[in-house]
Amino acid sequence: MARRAYSVTGALRIIHKSACDIMFKSKQFAGIIPVVDYKLCGLDVSDQQVKREDLYNAGKELIDAFSAVGFVYLTNNGVDSSLWQEIRDVTDRFFNLEVALKERYTSKESMLGYIGLNKENLDKSKPEDFKEAFRMDGTVFKHPEKLPEDICPGIRNLILKFMTICRSIAERILDSLSMAMDFKEEDSLNKCHNLLQTEINSSLLRLNHYAPVDQNTLKLGSVRLGAHRDRGTVTLSFQDNVGGLQVEHNGKYVDVPPLQNAILLNAGDALHSISGGLIMSKKHRVVVPQEEVKQRLTRHSYGFFAYPDDDVMINPPSIQNDETSLNELPHSMTFKQLFTNWYSKTRVPN
Ligand SMILES: O=C(O)CCC(=O)C(=O)O
Ligand SMILES: [Fe+2]
């Protein structure tokens, strides 16, 4: 049965401030990225034990960080670091397989499958992105056979476990943000994400694998991942310590240095819009490191993209800002329309 489209704008009660008016309270930074300690709300605190007040306070800190820089590190998040290591090992096993084997898991029509080297191009002013990926949406729970268990034993259970953990921590973060946004109804933001990891919510997990770079074969001006903004509400990134991620801040690209065991969060266009333009959805990219030693390393990153349910109406934000304006969004549309429209532009034609 079709649900009624949910739109959050009517409930908006945020007092708008420009990014420079925001008094930033974080005491810790990694480079320019604020660090928020989530120990009172992390996954090792149960749903029954977590306090409303702690979720609210952490949410305020997240909103401050998102409004200033668009990115924030979440420490003491309760996601077991040994799970990151297991995911890293299993994905290395998969991506190190022969191309022909991996390509058996390519899917053009669904959001579940392998994406080969140079098959996406997020910044059309640059050559194709020099990376491979495996992505999956909530349909993976219904179709676990689409995970490459036959060529990479162990991957299926691990990925399903990781997806479930990503969902749990994303829901905590949405709870924090929802409360701290001071909407008339405290659960307004949660209501836009009622159906996370079902077939009517397009949230994705992407396992990115950036192969070592050989300067002789790399096209001039190549990046590992072209500059783009994320489309959803919030992206949770688990990255290794190789580096190369940069965020556009005050007109130039600035390094986002890796921080061990911290989840990197960044706000996407949907949250920018839902917050009436207060929260920044910042452009970011992954560049090839300058140092030759680092170029020879594989880089790993895993991103969980929390998206609003497909039928949530996304409105153009009331506050526009040159760096973040959603200029391709002249009028309201559903999140699914916004995402499909953008996604079709990122693929490299065959
Ligand atoms: O690899 C990274 O650290 C960033 C990936 C990213 O921005 C994306 O997949 O949207
Ligand atoms: Fe991104």
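The structure presented is a predicted model; accordingly, all values stated were derived computationally and were not measured. Read the numbers this way: they start at 1 and go in the same order the structure lists the ligands and their atoms.
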Here the atoms of ligand 1 under 4.0 Å from any heavy atom belonging to S301 are 1 (O), 2 (C), 3 (O)

NZ/NE/NH1/NH2 to OD/OE distance under 4.0 Å, E186 and K191
no

query: Is any NZ, NE, NH1 or NH2 atom of the basic residue among D44 and K39 found under 4.0 Å from an Asp or Glu carboxylate oxygen of the other?
result: no

Discussion item. Between F162 and F238, is the ring centroid distance below 6.0 Å?
Written reply: yes

A student checking ligand 1 against Y210 at a 4.0 Å heavy-atom cut-off should list atoms 1 (O), 2 (C), 5 (C)

Atom 10 (O) of ligand 1: closest protein heavy atom, distance to 0.1 Å, is H228 NE2, 3.0 Å

Quiz item: Is any NZ, NE, NH1 or NH2 atom of the basic residue among K336 and D309 found under 4.0 Å from an Asp or Glu carboxylate oxygen of the other?
Solution: no

message = Closer than 4.0 angstrom, basic N to acidic O: yes or no for K102 and E98?
response = no

Checklist entry - Is any NZ, NE, NH1 or NH2 atom of the basic residue among E145 and R156 found under 4.0 Å from an Asp or Glu carboxylate oxygen of the other? => result no

*asked:* With side chain to side chain donor-acceptor pair (under 3.5 Å) as the criterion, how do D310 and S202 come out once you've worked through the C-alpha distance, each side chain's angles and the decisive distance to 0.1 Å?
replied: CA-CA 7 Å; D310 288 347; S202 307; 2.7 Å; yes

for atom 6 (C) of ligand 1, nearest protein heavy atom and its distance come out as L225 CD2, 3.3 Å

The atoms of ligand 1 lying under 4.0 Å from a heavy atom of V286, numbered in the order shown, are 1 (O), 2 (C), 4 (C)

Relative to Y253, does R285 satisfy both conditions: NZ or CZ under 6.0 angstrom from the six-membered ring centre, and within 45 degrees of the ring's axis? yes

Counting from 1 in the order shown, the ligand 1 atoms closer than 4.0 Å to a non-hydrogen atom of F305 are 8 (C), 9 (O), 10 (O)

* Asked: Going by an N to O cut-off under 4.0 Å, is there a salt bridge joining E199 and K142?
  -> yes

So for L264 against ligand 1, with non-hydrogen atoms under 4.0 Å, the contacting part is neither

N-O pairing of E248 and K252 below 4.0 Å: no

Checked the Fe ion (ligand 2): protein N, O or S atoms closer than 2.8 Å come out as H228 NE2, D230 OD1, H284 NE2

task = Please determine if H284 has a nitrogen or oxygen closer than 3.5 Å to a nitrogen or oxygen of ligand 1.
result = yes

among protein heavy atoms, the one nearest atom 3 (O) of ligand 1 is R299 NH2, 2.9 Å

